[in-house]
Protein chains: 2
Amino acid sequence: MVRQVTIGDVAKEAGVSIATVSRVLNGQSTVNQAMVDDVRAAAGRLGYRPNAAARGLASGAYRVIGVVVPDLRNPYFTDILESIVAQSKGDGYRVLVSDSGGDVKEELDACRRLRTSVDGLILVSPRMPGDDLRALSADGFPMVLINRQEPSIALPMALADTRSATLELCRHLSGLGHSRVVYMAGSALSWQNRERLRGIHDAREFGFEAAVVEGEPTIEAGYRAASAALDFEPTAIMAYNDLAALGVIARLREIGFKVPNDISVTGFDDIEMARYVRPTLTTAVSLKTQLGEHAWNALRQVLRGQPPIAASLIPSPVVVRESTGPALREATPIS
Amino acid sequence: MVRQVTIGDVAKEAGVSIATVSRVLNGQSTVNQAMVDDVRAAAGRLGYRPNAAARGLASGAYRVIGVVVPDLRNPYFTDILESIVAQSKGDGYRVLVSDSGGDVKEELDACRRLRTSVDGLILVSPRMPGDDLRALSADGFPMVLINRQEPSIALPMALADTRSATLELCRHLSGLGHSRVVYMAGSALSWQNRERLRGIHDAREFGFEAAVVEGEPTIEAGYRAASAALDFEPTAIMAYNDLAALGVIARLREIGFKVPNDISVTGFDDIEMARYVRPTLTTAVSLKTQLGEHAWNALRQVLRGQPPIAASLIPSPVVVRESTGPALREATPIS
DNA sequence: CTGAAAGCGCTTACAG
DNA sequence: CTGAAAGCGCTTACAG
């Protein structure tokens, strides 16, 4: 290790006590101006940087938060992460990230490890069982959830209104005459996936139904799941998210299907790519920045010991683009 | 703050000294088996987790590294980050990320802040001036560079062989008969951009030339820069990276140009999307995982006090896909 | 093999 | 307003 400049060095250089240096550097007003200037100058001369660990140990606050995401490669999560990083930086906090790889065991481990070195945790779309989540939050360690709701867990949270958005997506397809539809699911462990299913169920109110095939929230998975979806001879495929939709579309094209002429495809999230690919994607706009902001605001509130902010249900408006069109083929209900 | 279980609590519970608890938990063999079992059991009963900051302070090693990237939203960087996270996790290290937003001032600040709480730093495609980089590494703080080379800075590094890859891309276009080509640049501060330009310059050996227009490594920037490129009436556009290429292609399509029939487009990086969009992208495959691995290995070496690993120049093979084709239009040299 | 003690670099009551 | 001192939770020589 490089020998670091310590607060003691600065104190000596400035000819004051370390307590005074500490006060100056933490902006406490109770120090006379001459000393403040001396200390600042000395710190500058020496290139002093406070040791964050020592500061954390002594004060009990590390000014670091942990963020656990299922997959750093998914732009949906990176956009949320980016938003959290930007917001928390504004308040002087840094971010320790962990990528669980979508594995529930690893996710729990990551949270446990992170807890030892951060002031609070934001879990993005956690997939761990409700019991684990409950255990994790039992001791009151500051935690905020994004896109996860669990009965009897009263953690602050930011939720995308997935259910309503899915219902809208169904309504859109229904309006185009689609009655043979396949929903290509995401992880069964994901709250969002459950909400999508509820939205689809809600759509029964106007006679909408969809068969379900398994999937995962990746391009690759969408690509692979296409054939299973085609077994139902659908006129439309609702992909779990935009990535999966892009994969499905790539595969459909290979096989010779035109989107949306032969088959309509919807995504979810509105990642940047969704507007630039061809066909552009009909999808639901998840407000990633707002999810991140709300989560950070909620966590900051807890860290400050202030009353928790109410959970926020953030709308996800549907945008209709090129990937959906009228159902042209003869519609026969899925058996 | 939640009252945490400390090593003292475990010691009391197990009826041993804290030194012994520490030894057991750090896997030191010099403890008798009965005590080891007692301590493990006590720690388990109490749900003890060592405080990382305290451990770091006492031992001088935090087991945390910092990674600074220009843009978390660029999959190229996320793939590298993901690789670093995965590799370093295997060695018990965690990752503190910082997104500089491509701003050189912020990049330097991020490095300085990070240095106070990490054991080492990996800078991914840093754009700061050479002098800042030199100042940062002057005191021997463990640092590794990805995609940045600077005269008189002898830091371990992992470099993508951008120059050769660019040359190959030029050769490919040249072979297809393209003589009116525009290079849509990335950030002028980026080493990769300079290397691309050198590769293009190298291509003069076979009579290849390209006009240069300004750009940035984003979809949006590619989209916007398309018209400036079109002013040259090129038969091919070499975009700085895949994101920019996707943006250009989207814009060309809007205007009515077919890719590659009217204009060929190349990217760089081979992000996952490059294989799934239409047309699929001709690009250079940056081995992101290997860049991350090499960087971590190099940093770990330094952290262990072992002799530094040589810089590695990682090849970036060109893959030809659908976005490039023969130059059909009459070719007149760019003035 | 085990424990008492010093020390890592800070913050923060506590005196003065 | 300022400083001496205790303490944050650990690790690690140093004795024994």
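Side-chain atoms are counted along with the backbone in the values below, which use heavy atoms only and exclude waters and symmetry mates. Throughout, protein chains are lettered first and strands after them, A, B, ... in sequence-line order, and every chain is numbered starting at 1.
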Does [Y] offer a backbone N or O that forms a donor-acceptor pair with the side chain of [X] under 3.5 Å?
| X | Y | answer |
| --- | --- | --- |
| A/Q4 | A/N51 | no |
| A/S59 | A/A61 | yes |
| B/S100 | B/E107 | no |

Interatomic distance where CZ belongs to B/R63 and P belongs to D/dT11 [whole Å]
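One finds 12 Å between P of D/dT11 and CZ of B/R63, rounded.
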Interatomic distance, A/L57 CG vs D/dT11 P [rounded to whole Å]
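These atoms are roughly 11 Å apart.
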Can you list, by residue number, the residues of residues 33-48 of chain B that have a non-hydrogen atom closer than 4.0 angstrom to DNA chain D?
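Correct list: B/Y48.
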Tabulate protein N/O versus nucleotide N/O from nucleotides 12-16 of chain D, keeping only pairs under 3.5 Å, one per line.
residue : atom : partner : partner atom : Å
D/dA13  : N6   : B/R23   : NH2          : 3.1

Strictly below 4.0 Å, N to O, side chains only: are A/D131 and A/R134 in salt-bridge contact?
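Salt bridge: yes.
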Which side chain to side chain donor-acceptor pair (under 3.5 Å) pairs, counting each pair once, include a residue from residues 63-74 of chain A, with sequence neighbours left out?
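Qualifying pairs: A/R73-B/D79.
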Looking only at side-chain N and O atoms, does B/S98 offer a donor or acceptor that is under 3.5 Å from a partner on B/R113?
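No.
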Would you tell me whether B/S117 and A/R94 have side-chain atoms, one donor and one acceptor, within less than 3.5 Å of each other?
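On atom types as modelled, these side chains qualify, holding a pair under 3.5 Å.
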Among D/dA4, C/dG3, C/dC1, the nucleotide that comes nearest once only the side chain of A/S17 is considered:
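For the A/S17 side chain, the nearest candidate turns out to be D/dA4.
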Give the dot-bracket string for DNA chain D, reading 5' to 3', where a pair is Watson-Crick or G-U wobble with both distances under 3.5 Å, ( ) marks pairs inside the strand, [ ] marks pairs crossing earlier ones, | marks a partner on another strand, and . marks unpaired.
|||.||||||||.|||
Just list the side-chain donor-acceptor pairs under 3.5 Å for residues 33-47 of chain B, sequence neighbours left out, or say none.
residue : atom : partner : partner atom : Å
B/Q33   : NE2  : B/D37   : OD1          : 2.9
B/R45   : NH1  : B/E13   : OE2          : 2.2

Side-chain contact, heavy-atom cut-off 4.5 Å: A/L81 with A/V85?
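Of all side-chain heavy-atom pairs linking A/V85 with A/L81, at least one is under 4.5 Å.
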Can you pull out the residues from residues 7-14 of chain A that lie within a 4.0 Å heavy-atom distance of DNA chain C?
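A/I7 - these, ordered by number, are the residues of the stretch whose heavy atoms sit under 4.0 Å from the strand.
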